Structure formats: structure tokens, C-alpha cells
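Taking it in order: structure first as C-alpha cells, then the write-up.
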Amino acid sequence: MPTDHYLILSFALFLIGTAGVLLRRNALIVLMGIELQLNGGNLALLAFSRQLNDQKGHVFAFLIIALAAAEAAVGLAILVGLFRSRQTINLDEATLMKR
Amino acid sequence: MNFNLGLIPLLPFLGAAVLMLFGRRWTRDTVFIVAALAIGAACVVSVDAFFFQLPDAGGAGLQDVVTTWIATGDLHIDLAFRMDALSGVMCLVITFVGFLIHVFAAGYMADDPDYARFFAYLNLFCGAMLVLVLGDSLPVMFIGWEGVGLCSYLLIGFWYSSTANADAGRKAFITNRIGDLGFLLGMFLLFNYTGTLSIPDISGAASPGGPLMAPLWLGQPVAFWAALFLFVGATGKSAQIPLYVWLPDAMAGPTPVSALIHAATMVTAGVYMIARMHAVYLLVPSVMAIVAIVGALTALFAAMIGFAQNDFKKVLAYSTVSQLGFMFVGVGTANFTGGIFHLVTHAFFKAGLFLCAGSVMHAMSGSGDITIMGGLRKKLPWTHAVFAACWLAICGIVPFSGFFSKDNIIAGAFGTEIYGHDMAWVGKLVGVMLLLAALGTAFYMSRLYFLVFSGDETRAPDKIKHHIHESPSIMVVPLVVLAIGATVIGFIGLPGGLFNHPDANLLAHHLEAADIHEVEVSHGLEWGMMAVSLAVAAVGILLAMVFYRGGYKEPARAFAAKFPGFVRLVHDKFRVDEAYDFLFIRPIKWFSRGLYNFVDRIIVDKILVEGTGVLVDLCARLARAVQGGDGQRYMAVFAVGVALLVHFASQPTLPFTKLKVTQTGRGVEVDARRGKNAPTRPLEYAFDFGDGRPVVKGGAPEQRHDYDRPGNYTIRVTITDSGWRTEDTFKEKVEVP
Amino acid sequence: MNPVNAAAAGTSASPGDTVLFAILAAWVVGFALLTITRRNPVTAVMSLVATFFGLAAIYASLSAHFLAVLQVLVYAGAIMVLFIFVVMILNREEVAPLALRPMRLLGVFGTAYLLWVFANVVGVNTGTEKVPTALPESYGTVKEIGAILFTQFLYPFEAISLLLLVAIVGGVVVSRSHQKEVAAMRAAEYRKQVHELAEHDYPGEGPPAAAAGGGHH
């Protein structure tokens, strides 16, 4: 398959992830959107890596997966803390400013 | 010759400054001593300068250049003073009479809480007046001019807690200001055409073929307009028609103020100014005619108003306006010496009259209403004696001073030759008007005398009558000095034609040195005029005697009964103030109110002030759209920002740029550069000239092309950025002939 | 057709390849869209897991074998399990899933534009075919990746382990319950006081016998 197809798919994934991050109120879904974005990036990396026959892309993607794990852990911990203090995970209510 | 003339105005200024800073904490005696010392010292210096220094100085007189004031481009003005015979005479009068009035005021204002402020202002005024007369250039004179106007405002409204007084002060200042505009215009014209503002230089340039005779407007030369504008300034300062209306209202100020400013000194500034600028005036006899006619008209008009005034000081105020008219006739008929002579005698007898008014009002517990006075000659002997002397002087009875000066002017009016043959009637007309005015003067002054002093009983109610007493000696002594002056000062101006002894006129002799001349009057005319003016004065006094001796007698009552409307009109000063209010003040007020409502309320308050607030609010709302306290919004803004950045960075051309197409005949040169700096990435240009020829591609932003056939072509230039893979297209229509 | 043997380099894709890719792409995009649009978080998590499986298949078709496995093991296996735990604790439904506010939509469109520019820059052209280069047999294997990872990318490897450590510690710290901690401290305080009093009253005796102490409760 030509690289461009994988690229378009990765862009689509990234866009969907961004839409999830920006447009959802539930913090959990937002975190999932972030995961989608990261996966989009991973896909692009692997596509280019195959085209250029360079394994470094794989290593990079590996590190990104590890990073995503760390980030998900901490993010969820923060989310739990937020829930404890506000009893809600609705991001609209997680602001101190007046509406 | 560097004599310290600057000292003469400086001393009173110093006195004023010291009194304004510390006067409130000092005792009354200290304040008076400081003030009197200041003006007394100035008097001494003036005397020394005039009698001992001046004779050696020659025609130009003494000069004292203090410092360079303005030196830019063509304009060079020094802060300089000059004393020649003319300004020397003025200095003597101002300082001497000023000193006497200071002494009188010490007694008159003894109970006033603002004692120190009064003397401070008085000193300030004297200083400003001295600057006016000693100024060597028009701007320095103007400083004094404005300064006396300011002091007049401050002193008229001295008891400012009463609105009427404050209004009178304001009226004086504003009317003065209108005149000052004329002064300024005259000054500008003179500077524009002679290039200098120094009075000796202007006088030097004032010759029949000189720059001042260049034609200006309506066929009249520059000198005509300059002299006319300066005269407008004089009418404001010296209370002539049409700007005299402030002087009667100015009587709201304390009596010493009326005596000093509105009798002896400030109001004479206009006369002085015309005498000073005589070189310019002599070039344009038409303006001099205007001056003389206005003066005569004012003299007559004011005299008439004086017939029916019931306030002591108001009578004197209109009398001042009238006498100033005499002075203007003097200078207007080229009888400058006569005008100055009358100025000097008037200073003495009018100041004396005013101070007597003060004395009488002091005795009458502050009232100036002559309808309740009478019989005061027994109760106020000294005041009566002084008043009598000054009264006879103003009526023009020999040998009192007023006789000589008035006669000088009237004879000069008849005998003047300045107007040439065609306008000789002006002199005669003016002379006749003055004779009538003299008749009126004698009448109303005698009316005043008889109503106040003659008779046996005072018409006042008892509670005032019991307090009538003579003034303390501190007030009487200056009165007596002034009376002496009013009596004898006339002899400095004995007319030369009287005994065919030309040098008998001491004053004229001195003033000759300053190039101030008088009118040569023939022997016969001189004697004739003397007889006529004496007769006129006698008639006036007799008439007043019949009407008012001992009180309001039968003929007075009959007249008032027969012509009540006329009497009321005269009493209301011919309703001139009301007319001014209707013609000028109301439209101005209406205009100001409109301006306030429109400009101030709407433009400034609504549009600018509130509008700024609304604008800020809008900007804030706009900014708030970006910041919501909401993390996802920040991310969205971030994304939008990055998108915009990338968009503008990736375009090959800046927005709003156009192609530069220069056309020369059939050829066309197209420049598709996007600015002065070279592009940061290599760009490719494709030029399509619209005439079917193949597209020119390359890396050069400029292309030349020649068209084969005329017509309308559209040039399309496509610029491609190979890095970002974006492109822009420009279209430009071109017409090939 | 077998992606593993894509050593048959220099060839353009066969129709089978295209079909497979199309199916997998549709699977991935479809489940991704489901993820962000579901009201119920559990559904969303399940959709995301499905997306990851699809992505793993795509990775495999790219000859990235190791990463495909890693994706299933770590991403779908570990991370998503973590998500599910939290979802179970905090299961709340939303009133309206998507907040379609103007600024946020602008953000999405901005991102789309950005991606389009990048696409232009990179020269994405769905018409023409880019010929992938010939791939060696050991492409995408554990051995190769390990070789690079432990030699060239040693520092990043160690750094990422450190990062994981930090994440663990951070996670524990952040999610501590303040109230429980305060209660625990109070309890410790109380026990200490009791111990002191006991020492005071009965010095040197030590704690009572376990049986006696245990019998109370």
C-alpha cells in the first residue's frame, strides 16, 4: 500500500482524537481522545519507517507507547483526585471562573 | 544711557509681592508702611529721574534695558524702559497721586479684614501702570496694559463675596479685553509693516513715504488701520463709546480704587498711548478725526447721563467718562500737549472729588445716595473745602487748573489745522460739542455740589444723621494736598498765546523735547475761547443753582413732572447696557449653551468618554472569547493560532499586495516582488500575459513583455512556493494602445 | 499478499492488499468515531479497545510485527484495563455528549486545516503510488529493534524507564485520599497516647498478652 494512504489514515485518526479532546465534557473520553492522537502519530511513524526502511521509527513508536502508558496512569490519577474534590468528572464544572 | 529706570516699576512690584506673601501676618501699620514706602520710593526715583537726569539726556530720554525678552527670527523685543518728557510726566502723576491715595486708603480701609490684600493689589496696580508708561516697546506697554486691566478686575471685585461686585469686576475685564483685541491687531499690523515693535523705531518709520503708508484695505494705508485698531484698544481702556459701560459699574469697588484707577491713572492709558504713538497718528488725519469725534460724542453723552444720576460715585464716574472724552479730543486734534495737560489736571481734581466722595460716604455710614444728603458743608468742613476747590476746577473757573486745561483743548479744537481744508469743519464741530459738554459738566457737577453740601438740613433719616462726622486726619491730609494741586497745577500750562509769551507754557516746553506738540492758537482766538468757556461754565452753575440750591427746588420738580419719561431714560443711562445685553450678550449666551449641549454633552461626554468605555468593553469581550478559564478552549485557541500562523507563513505573498505594472507604449514591465526583502524560500513565477503566448516560467520576479496587437489583456502571475506547495495568483488588467 | 513477506519490494499493491487495507481503515476510523461520540464511557472504552486491535492489524500489514504485538499487549491490554478500572469507579453519564461550542469547533477546523497543509507539504497524493523500498527479512523483528534500542537509543530507553517510575510514584501520590490519611494519622496519634498512658500507669510491663488483647474484640 502506498505510504500516502497510511498517512491519510493517521491524519484522520489524529483529527478524530482532537475532536474528542476538544468537544467532549467527560474527562475520561478526553483522555481517550489523547490516546487516539498518539496512535495516529504512531501510525504515521511506522508508515514512513517502512517507506524509508529505517527501524528507528519503530523504536520511536515503542517509546511513544511507553510514554502513553505513563501519561494515562498519571492522567487517570489526576482524574480520580478531581473526582474526589469535585464529585464530578464533567470538565465544564471543573473551572473556578464564573460562567 | 543706563539709568536704573527699571527701579520705578520694580519697587511697587516688590511691595506687592512682599505683601501678598507675608502681609496677612503683619499689623496694619506695617502693611501700610511697606506699601507707602514702595510707592513713595518710586515717586522719589521718578522725581530724580525727571528733574535731574532727564534734562541732560536729550530728546531720546533715559533708557534702561533690563534684559532681552524675545529674540526669534525677525522678532527682537527687549524688556526695556524709556523715560522721556512724556512718560516722565506720567510717572510723576502716577506715583504722586498714587502715594496720596495710599495714605487716604490707610484710613478708609482701616476696618477692612483684607487690608493687606488691598494694599498688595494697589501696589501691583501702580507697578503695572508704571510699566505701561515706561515701556519702550509695544509688547512691554501691553504687559502693563494687561496688568492694569487685571488689577482693575481684582480691585473692583475686591469685596467679592457680593455677586454684584464680582460681576462688575468681570464686566470691566471683559470689556477691556474686547478693546485689547484692537490693541493687539494694531500691534501686529505695525510689526508686519515695519519689522519692529520698538516705539522709537516705529515712530522713526512713520513718514509720509514710509512702509506704513502702503495701501492695505479699502484703499486706506496701513497706518490708518493700525491707528484705528489701537484706538479701539483705547476706547476699551479709557471708557469711550462704545466700550465705556464698565466704568459706572466699577464704582462697586472701594472708593480709593475708583479714585486711583478710574480717575487718575488707568483710564488715562488710552490717551497716553495715542500721545505716544503720535507719529503714526499724524500720518492719518482721518483717524484723528474719528478719535476727536468719538471723544466729543462721549463727552456730551456722558455729561447728559450725569444729569439724572442719584449715586454720588456714579455721577463722578460719568464725569470721568466725559472728561476722558475731552482728552481724546485733545489728542485727536493734534493738540497732544493739551490732552496730556488735561490728563494731569484731571488726575488731581478727579482724585480729589472721588476721595471727597469717600469721605462723605464714610460720614453717611456708607451710603452714596445724594437724595438723602444735604447741608453737609457745615458738618464736613474740610471735605467741603476740598470738594469746592475741585468742583470749581472741573467746571473750569479761573484760576483753577481745570479752566486752563479745558480751555486749551477747546481752543485747540477750534484752531487746529490738522484736518486740512476739506475737513476743517470737524474741528469746529468738535469744539462746539465740547462747549456743550462743558455746559453739561458745570451743570451736573454743580447739581452734585448743591444737593450734597448746600442747604441747612440733611435729608437723611435720623440714624444716619447722628453719625455724620468729619474724617480723620489721615484721610483729610491727602484731600487737602489734592485740592492744592487742583488749584495751582494749572499754571504749568499757561497758554503761550495769552500774553504772547510762547515759553510761558511750562508743560508744553518740556513735552517739546519728546516731540509732543500743541496747537498754535492765535491771540484773539485764545482770549475769545477763554471768555466763552467761562461764560458757559457760569451758565451751567447758575442753572444748577436755580434747580438745586439748598435741595430739590421747584424748577427741578416741575421739569421732572413734565418730562417723566425722559428723566427716567436719562436715569437709566439711555438703556445702553440693556441694548448691549440684547444685541450681544444674549446671542453669545445662547451660542455657548448650544455649544455646551452639543459639543460638551454629546461629543465629549457621550462619544468620546462613554464611547471609549464601550470600545474597551468590546475589546474585553473579544479577549474574553479567547480566555474562558476552560482548558479545552485554550487548546482550541492554540490550534486556531497555529493554523493561522502556518497559513500566513506558507503563502508566497503577503496579503493585500498587488502587482506593479509599468506600461510604456506597447511594452509592459511586471514586477511581482513581495516587498523589499528577498523571499526566504525560493519561489517560482509564472507569467501569463493573456495574449496566447506561452507562459513564462522562472525564478525571476520581473518580466518584460511586448504586445503585438492593441487591446485589453489580463496579466496573470502565479507565484508558487515549492516548499509549502502553495501558490498565489494575481490578476491585473492592462490596456494596450 | 502476505504482509510479512513484503520482501517482494518494488511492487505496487495487489487488489487484495487494497481490500484488506480498506476494511482495516474503515474498522479503525469507525470505532474511533464511536469512541468519541458515545454517551456511556464503558461503550467508549470498548470501542477504543476495538480500535487498537484494528490498529495492531494495520501495524502488522506495515511489517511492524513487534509493535503490533506491543500494541495489543500494552495498549489494549494494560492501558485500557486501567481505563476500565477508572470508568468502573466513576461511571457517570453525560447529558449531552458533544459540546459543540463555536471556539472549539474552530479549533477542530483549525487542526484540520493544519493537517491539510502538512499533507500538502509532504506531498500526499492519493492518486500516484509511492513505491516502498525493498525490505530486509529482519525488518520489524524484536532482534533488530532491540539492537537499536540498547545501543543507539540507550539514553532514551533509560529515560523512559525513569519516566515510568515517576509516573508510578506520581500516580500514587496524586490519588491518595487526604481524608484517609488524616484518619490514619489520628489513629496513630491515638495509639501513641494510649501507649504512653499505659507506660505511665504500668511502667515497663509491655503490651498485654495477645490472647487477652485478642479476646476483647
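All chains are named by letter (A, B, ...) in the order of the sequence lines, taking the proteins before the strands, and each is independently numbered beginning at 1. Please read these numbers as outputs of a predicted model, since none were measured by experiment.
- You'll find the side chain of A/V59 stays beyond 4.5 Å of the side chain of C/F157, heavy atoms only.
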**From CA spacing to verdict: side chain to side chain contact (heavy atoms under 4.5 Å, CB included), A/F83, C/V86** = CA-CA 11 Å; A/F83 180 74; C/V86 178; over 6 Å; no

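- Among all heavy-atom pairs drawn from A/A72 and C/I79, the shortest one is CB-CG2, 3.8 Å.
- For chain A, the option among C/A64, C/G171, C/G170 with the highest count of heavy-atom pairs below 4.5 Å is C/A64.
- In this structure, no portion of C/S161 lies under 4.5 Å from any heavy atom of chain A.
- The line from CG of A/L76 to CZ of C/F83 is 5.0 Å long, rounded to the nearest 0.5 Å.
- Annotation: the span from A/T18 atom OG1 to C/L115 atom CG amounts to 7.0 Å, rounded to 0.5 Å.
- The number of heavy atoms from other shown groups lying within 6.0 Å of CZ (C/F53) does not exceed 12.
- With chain A as partner, the option from C/V74, C/V173, C/L70 having the largest number of non-hydrogen pairs under 4.5 angstrom is C/L70.
- Looking at C/L33, the atoms closer than 4.5 Å to chain A (heavy atoms on both sides) sit in the backbone and in the side chain alike.
- Closest approach of C/A32 to A/L36, counting heavy atoms only: CB-CD2, 3.9 Å.
- For the pair A/L43 and C/L62, the minimum side-chain heavy-atom distance is below 4.5 Å.
- Residue A/A70 comes nearest to C/L164 through the heavy atom pair CB-CD2, 3.9 Å, listed as atom of the first residue, atom of the second, then distance.
- In this structure, CZ in C/R38 is found 13.5 Å from CG in A/N26, a value given to the nearest 0.5 Å.
- Interface residue C/L55: only side-chain heavy atoms are found under 4.5 Å from chain A.
- The backbone N or O of A/R50 lies less than 3.5 Å from a partner atom in the side chain of C/Y139, making a donor-acceptor pair.
- To the nearest 0.5 Å, atoms CZ (A/F11) and CH2 (C/W116) are separated by 12.5 Å.
- A parallel orientation is assigned to the rings of C/F66 and A/F62, their planes being inclined by less than 30° (bins at 30° and 60°).
- If you take CD on A/Q55 and CD on C/Q152, they are separated by 11.0 Å, rounding to the nearest 0.5 Å.
- Judged purely by atom type and a 3.5 angstrom limit, C/R104 has no side-chain atom pairing as donor or acceptor with the backbone of A/L23.
- Looking at C/L105, the atoms closer than 4.5 Å to chain A (heavy atoms on both sides) sit in the backbone and in the side chain alike.
- If you run side-chain contact (heavy atoms from CB on, under 4.5 Å) between A/H58 and each of C/L67, C/T141, C/L149, only C/L67 comes through.
- When every heavy atom of A/I29 is checked against every heavy atom of C/P41, the shortest pair comes out as CD1-CA, 4.2 Å.
- In this structure, the side chains of C/I36 and A/M32 stay at 4.5 Å or more apart for every pair of heavy atoms.
- Looking at C/I145, both its backbone and its side chain come within 4.5 Å of chain A, counting heavy atoms on both sides.
- Within the 4.5 Å cutoff, the side chain of A/L22 has no heavy atoms near those of the C/R101 side chain.
- With chain C as the partner, the residue from A/G17, A/S49, A/A47 showing the most heavy-atom pairs under 4.5 Å is A/S49.
- For A/L31, the parts sitting under 4.5 Å from any heavy atom of chain C are the backbone and the side chain alike.
- Residues A/L63 and C/P156 approach most closely at CD1-CB, 3.8 Å, considering heavy atoms.
- In this structure, A/Y6 and C/I58 have side chains that are in contact, with non-hydrogen atoms separated by less than 4.5 Å.
- With chain C as partner, the option from A/L46, A/N42, A/V80, A/V74 having the largest number of non-hydrogen pairs under 4.5 angstrom is A/L46.
- Neither the backbone nor the side chain of C/F85 comes within less than 4.5 Å of any heavy atom in chain A.
- In this structure, OG1 on C/T51 lies 11.5 Å from CD on A/E35, to the nearest 0.5 angstrom.
- When side chains are defined from C-beta on, C/V29 does not count as touching A/L13, because their heavy atoms never get closer than 4.5 Å.
- The heavy-atom pair separating C/I148 from A/K56 by the smallest distance is CD1-N, 4.2 Å.
- For A/L67, the parts lying near chain C are the backbone and the side chain together; criterion is any non-hydrogen pair under 4.5 Å.
- Considering only heavy atoms from C-beta on, A/N39 comes within 4.5 Å of C/Y59 through its side chain.
- Taking C/Y75, C/F153, C/F52 one by one and counting their heavy-atom pairs under 4.5 Å with chain A, the maximum is reached by C/Y75.
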